[in-house]
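Throughout, a chain's letter reflects where its sequence line sits, starting with A, and its residues are numbered from 1. Scope of the values below: all heavy atoms of this structure, side chains included, with no hydrogens, waters or symmetry mates.
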2 protein chains.
Amino acid sequence: MTTSPRTRRDGTETRALARRTALRLFTEQGYEATSLRQIADELGINKASLYYYFDSKEAILQSLFDERGTEAEQLLTWLREQPRAPELLEAAVLRWVDSCTAEKLQGIRFMTANPLVARTLTGRPGGDRIVAGLTHFADELAALLPDPSPQNVMLLRMAVLSINAAVSAAPPTGIGDDDVIAAARRAARAVLAEIRGGGPIEPPPRSP
Amino acid sequence: MTTSPRTRRDGTETRALARRTALRLFTEQGYEATSLRQIADELGINKASLYYYFDSKEAILQSLFDERGTEAEQLLTWLREQPRAPELLEAAVLRWVDSCTAEKLQGIRFMTANPLVARTLTGRPGGDRIVAGLTHFADELAALLPDPSPQNVMLLRMAVLSINAAVSAAPPTGIGDDDVIAAARRAARAVLAEIRGGGPIEPPPRSP
DNA sequence: GTCTATACGGTGATAGAC
DNA sequence: GTCTATCACCGTATAGAC
């Protein structure tokens, strides 16, 4: 081995810092519009030094996807072991929405800013696991719909992606992460209610 | 003049075709990932010939924004001459949603695929009039909210942008434009109801 | 209007010294 | 680990013949 414990530790720290920097720049400017030179400059290192930590620019992207790629899959695993019930629909959607912490929001922001970039990694291991995982998640939930009309399937997908919609709708500044997440939750519930009721009118609860 | 009527007519047709081709490629692959060579190839002309119709790649982008930039402004103009009333909120949002024809959807798809590209044109005349116009629209509507809390402002913005959310949520194929628009409308109404009621439960209609 | 040829810069990436 | 130097390539854009 050529790496001592000390250099190894410094290395992984720099690598982690590079990932965070890349994530920020990719989110602000887009993946294609961000050059390796720019990332290196912000890190205070030379452009070529980045290649010590990553094999290519695409490898940086890949590592960002890998970091957060398992979440959607875990959600899917959880869903498949739940007993089928009408309440599962709302429970599952809200489980996903509520799992979104303020830290996870930056991942959503990155994906929202680069909606097409996932296709760059298609075919490779761990490519677009987030997108694919959420898609499968929504598709599996669609089987629970009493009326799986195209519109209702669409509304279900919109409920699942309410966090993304909230991030897209949020102005660049002035609204805190908490309110973004809370708004996403309320929107998801409202859309789910629309699917159930076919309209805003809910039958009043009846006690026997 | 160096252009005869005949060449002039052919020219504007080619220009229009180039715009449509660019719009499609920008939507499929992204603005930065699409090269002028690619656009020229699909048109069956040389790369350099594009510069007869457009001064630069950015000029192509600009022309696409100009084509659909006035709609949000017209909406804003309409809003400002409406009498203030509680029903104006939902009426205004639905006016925007319902104005979305199947043809207009491709504009939304382009913007959804290139969320950051509007900033490329900021400062220039007619830059991001769509985004800015819709933002102003939502902000003006926010003044009509009984409770303009950050969450409610967020929800209002999400209702206005429900078309964008629907486009983002729609799978690449399998769902028609009509269902996408219809789902957006239902989602917008559901979110507006959530703002009004603060919850999915609506009081049942009471006849005196 | 369309072409060929070319200029120019920036990009991702590699080799090798230290 | 970080650097300098260098590479091939592709991007936009221009000049000028036809």
| request: Give a yes or no on whether a salt bridge exists between A:Asp66 and A:Arg19, defined as a side-chain N under 4.0 angstrom from a carboxylate O. | output: no
| Spacing of A:Arg15 atom CZ relative to D:dT2 atom P, expressed in whole Å | 14 Å
| field | Listed partners of B:Glu73 passing side-chain hydrogen bond (donor to acceptor under 3.5 Å, both in side chains), at least two apart | value | none
| task | Using only heavy-atom distances, determine whether the side chains of A:Asn152 and A:Arg196 contain a donor-acceptor pair under 3.5 Å. | result | no
| query | Do B:Glu103 and B:Arg68 sit within salt-bridge range, that is, some charged N less than 4.0 Å from a carboxylate O? | reply | yes
| request: Between protein and nucleotides 3-17 of chain D, map the contacts as a letter string: B base, S sugar-phosphate only, - none, heavy atoms under 4.0 Å, written 5' to 3'. | output: BB------SBBB---
Which pairs would a plain distance check flag for residues 41-49 of chain A, meaning a side-chain donor or acceptor within less than 3.5 Å of a matching protein atom at least two apart in sequence or in another chain?
{"unit_1": "A:Asp41", "atom_1": "OD2", "unit_2": "A:Arg37", "atom_2": "NH1", "d": "3.3"}
{"unit_1": "A:Glu42", "atom_1": "OE1", "unit_2": "A:Arg24", "atom_2": "NH2", "d": "2.6"}
{"unit_1": "A:Asn46", "atom_1": "OD1", "unit_2": "A:Ala48", "atom_2": "N", "d": "2.9"}

| What's the CD-P distance between B:Glu13 and C:dT2, to the nearest Å? | 12 Å
